[in-house]
A.B. asks: 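One structure, pasted below without further comment.
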Amino acid sequence: MKTAILSLQTAIYNRLSNDAQLAAKITGVYDAVDENTVFPYVTVGNGDTVNNWSTSTWYGEELTHTLHVWSRYKGKKEAVEIMNLIINALSQPLSIDGGFLVEFTQLEFMEVLSDPDDITRHGVMRYRFKIRNQ
């Protein structure tokens, strides 16, 4: 048995990176950024959780995966527009490598915060996935 965390993150990254509408709105999708990254952008993979979702006949995981939207627009509009594009991009079933099957995908939580610098808007989206080994 092995975890689907990396396979899921890769599938999400690929889906978002290859979405034409999202690409037209952001500078990129990243696993990590530095201080020179141009706004707006999306980061993936911070705050993942894994719980056992197995039965007596197969191994499964219930994973949460958090996406972050970063914007310097003077309000929440741009962050929410990007979040809507992410919702649209992830509305179709994901195929993941490594012998895993995504059984269930649900947007569990989202919000837009003003960072302490009062310039940056930070959108947080948490998705829940139920994945089993094939």
Side-chain angles (χ1 to χ4, degrees):
M1 291 182 285
K2 61 182 177 177
T3 184
I5 292 173
L6 185 56
S7 295
L8 177 63
Q9 180 173 322
T10 301
I12 292 169
Y13 173 85
N14 289 338
R15 174 70 59 84
L16 297 180
S17 294
N18 293 308
D19 184 272
Q21 289 182 314
L22 185 59
K25 188 81 174 167
I26 63 173
T27 63
V29 178
Y30 305 100
D31 184 23
V33 295
D34 62 33
E35 64 275 358
N36 298 320
T37 305
V38 178
F39 291 84
Y41 59 88
V42 174
T43 57
V44 298
N46 185 0
D48 294 343
T49 64
V50 179
N51 290 300
N52 190 330
W53 184 60
S54 298
T55 70
S56 60
T57 58
W58 50 264
Y59 175 76
E61 297 176 317
E62 182 178 59
L63 291 99
T64 62
H65 189 83
T66 306
L67 303 169
H68 298 270
V69 174
W70 302 93
S71 170
R72 288 272 170 96
Y73 183 84
K74 291 191 183 290
K76 296 180 180 183
K77 179 180 184 260
E78 183 175 66
V80 172
E81 289 173 349
I82 293 167
M83 293 166 97
N84 280 329
L85 293 171
I86 292 170
I87 291 169
N88 188 55
L90 295 179
S91 66
Q92 299 301 313
L94 283 172
S95 295
I96 60 176
D97 294 332
F100 301 106
L101 176 66
V102 178
E103 295 273 340
F104 174 83
T105 301
Q106 178 183 31
L107 175 61
E108 183 174 87
F109 169 84
M110 61 188 266
E111 72 176 316
V112 178
L113 308 164
S114 294
D115 270 13
D117 65 9
D118 205 30
I119 298 169
T120 308
R121 302 300 180 251
H122 179 187
V124 181
M125 305 174 77
R126 184 174 57 228
Y127 275 85
R128 181 169 302 277
F129 300 89
K130 290 188 177 181
I131 299 173
R132 67 181 174 109
N133 285 16
Q134 291 183 306

A.B. asks: Taking the side chain from Arg121 and the backbone from Val80, do they hold a donor-acceptor pair closer than 3.5 Å?
C.D. replies: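 Not a single qualifying donor-acceptor pair exists.
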
A.B. asks: Here's a test for you: under side chain to side chain contact (heavy atoms under 4.5 Å, CB included), which of Ile87, Val42, Val112 qualifies with Met125?
C.D. replies: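 It is Ile87, the one option of Ile87, Val42, Val112 that forms the side chain to side chain contact (heavy atoms under 4.5 Å, CB included) with Met125.
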
A.B. asks: If Ile, Leu, Val, Met, Phe, Trp and Tyr residues are connected whenever their side-chain heavy atoms lie under 4.5 Å apart, and connections chain through other members, are Met83 and Leu94 in the same group?
C.D. replies: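 Yes, because Met83 and Leu94 connect within a single hydrophobic cluster, where side-chain heavy atoms sit under 4.5 Å apart.
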
A.B. asks: Just verifying a value: how many Å separate His122 NE2 and Thr43 OG1, rounded to the nearest 0.5 Å?
C.D. replies: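 Nearest 0.5 Å value for the NE2-OG1 distance: 6.5 Å.
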
A.B. asks: Is the backbone N or O of Val38 less than 3.5 Å from a side-chain atom of Thr27, with the two atoms forming a donor-acceptor pair by type?
C.D. replies: yes

A.B. asks: Taking only residues two or more places apart in sequence, or in another chain, which ones meet Lys130 in a salt bridge (Lys or Arg N to Asp or Glu O under 4.0 Å)?
C.D. replies: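 With sequence neighbours excluded, Lys130 shows a salt bridge (Lys or Arg N to Asp or Glu O under 4.0 Å) to Glu62, given in chain and number order.
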
A.B. asks: Roughly how far, to the nearest 0.5 Å, is the CZ atom of Arg126 from the CG atom of Leu107?
C.D. replies: 9.5 Å

A.B. asks: If two hydrophobic side chains count as joined below 4.5 Å and joins carry through other members, does Val124 share a cluster with Ile12?
C.D. replies: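 Looking at the clustering, Ile12 is in a separate group from Val124.
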
A.B. asks: Output the distance between atom NZ (Lys77) and atom OG (Ser71), rounded to the nearest 0.5 Å.
C.D. replies: 10.5 Å

A.B. asks: Take the angle between the ring planes of Tyr30 and Tyr41 and call it parallel below 30°, perpendicular above 60°, tilted in between.
C.D. replies: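 Because their plane-to-plane angle is over 60°, the rings of Tyr30 and Tyr41 count as perpendicular.
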
A.B. asks: Hey, quick one: are Phe129 and Leu16 part of the same hydrophobic cluster, counting side-chain heavy atoms closer than 4.5 Å, chains of contacts allowed?
C.D. replies: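 They do share one cluster, since a chain of ILVMFWY contacts under 4.5 Å joins Phe129 to Leu16.
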
A.B. asks: Taking the side chain as every heavy atom from C-beta outward, state whether Thr105 and Leu90 have any pair of such atoms under 4.5 Å apart.
C.D. replies: no

A.B. asks: Could you point out which residue of Leu8, Val50, Asn51, Asn52 forms a side chain to side chain contact (heavy atoms under 4.5 Å, CB included) with Glu61?
C.D. replies: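 Among Leu8, Val50, Asn51, Asn52, the one that satisfies the side chain to side chain contact (heavy atoms under 4.5 Å, CB included) with Glu61 is Val50.
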
A.B. asks: Do the side chain of Asn14 and the main chain of Thr10 share a donor and acceptor less than 3.5 angstrom apart?
C.D. replies: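 Side chain of Asn14 to backbone of Thr10: a pair is present.
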
A.B. asks: Kindly determine whether Phe39 and Ile119 satisfy side-chain contact (heavy atoms from CB on, under 4.5 Å), including the steps that lead there.
C.D. replies: CA-CA 11 Å; Phe39 291 84; Ile119 298 169; over 6 Å; no

A.B. asks: Are Tyr73 and Ile82 close enough that some pair of their side-chain heavy atoms sits under 4.5 Å apart?
C.D. replies: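 Contact flag for Tyr73/Ile82 side chains = no.
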
A.B. asks: Taking the side chain as every heavy atom from C-beta outward, state whether Leu67 and Tyr127 have any pair of such atoms under 4.5 Å apart.
C.D. replies: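 Yes, at least one pair of side-chain atoms sits under 4.5 Å.
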
A.B. asks: In Å, rounded to the nearest 0.5 Å, how long is the span from NE2 of His68 to CG of Leu113?
C.D. replies: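 These two atoms lie 10.5 Å from each other.
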
A.B. asks: What closest approach, in Å, do Trp53 and Trp58 show between heavy atoms, and which atom pair accounts for it?
C.D. replies: O-CZ3, 3.1 Å

A.B. asks: Check the pair Lys25 / Glu81 against salt bridge (Lys or Arg N to Asp or Glu O under 4.0 Å), numbers first and verdict last.
C.D. replies: CA-CA 9 Å; Lys25 188 81 174 167; Glu81 289 173 349; 2.5 Å; yes

A.B. asks: With a cut-off of 6.0 Å (strictly less than), are more than 12 heavy atoms of other residues, nucleotides or ligands near CG of Asp97?
C.D. replies: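 No, the 6.0 Å shell around CG holds no more than 12 heavy atoms from other groups.
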
A.B. asks: Between CG of Asn88 and CG of Asp19, what distance do you get to the nearest 0.5 Å?
C.D. replies: 6.5 Å

A.B. asks: After noting the C-alpha distance and the side-chain angles of Ile5 and Leu63, does the key distance pass the side-chain contact (heavy atoms from CB on, under 4.5 Å) rule?
C.D. replies: CA-CA 8 Å; Ile5 292 173; Leu63 291 99; 3.5 Å; yes

A.B. asks: Give a yes or no on whether the backbone of Asp48 and the side-chain of His65 come within a donor-acceptor separation of less than 3.5 Å.
C.D. replies: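 Pair absent, no side-chain N/O of His65 close to backbone of Asp48.
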
A.B. asks: If I compare all heavy atoms of Ile131 with all of Phe100, which pair ends up nearest, and what's the gap?
C.D. replies: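 Looking at all heavy atoms of both residues, the shortest contact is CG2-CB, 3.6 Å.
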
A.B. asks: Does Gln106, at its CD atom, have more than 12 non-hydrogen atoms belonging to other residues, nucleotides or ligands within less than 6.0 Å?
C.D. replies: yes

A.B. asks: Between Arg128 and Thr64, is there a side-chain donor-acceptor contact under 3.5 Å, judged purely by atom types and distance?
C.D. replies: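 Judged by distance alone, the side chains do not pair up.
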
A.B. asks: Would you say Leu101 ends up clustered with Tyr59 if hydrophobic residues are merged whenever their side chains have heavy atoms under 4.5 Å apart, either directly or through other cluster members?
C.D. replies: no

A.B. asks: Restricting to non-hydrogen atoms, name the atom on Ile96 and the atom on Ala11 that form the minimum distance, rounded to 0.1 Å.
C.D. replies: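 For Ile96 versus Ala11, the nearest heavy atoms are CG2-CB, 3.3 Å.
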
A.B. asks: Applying side-chain contact (heavy atoms from CB on, under 4.5 Å) to Ile26 and Leu85, what does each step give before you reach the verdict?
C.D. replies: CA-CA 10 Å; Ile26 63 173; Leu85 293 171; over 6 Å; no

A.B. asks: Decide yes or no on side-chain contact (heavy atoms from CB on, under 4.5 Å) for Arg132 and Thr55, but give the supporting numbers first.
C.D. replies: CA-CA 10 Å; Arg132 67 181 174 109; Thr55 70; over 6 Å; no

A.B. asks: Can you list everything that forms a side chain to side chain donor-acceptor pair (under 3.5 Å) with Asn36? Sequence neighbours excluded, please.
C.D. replies: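 Checked Asn36 against side chain to side chain donor-acceptor pair (under 3.5 Å); zero matches.
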
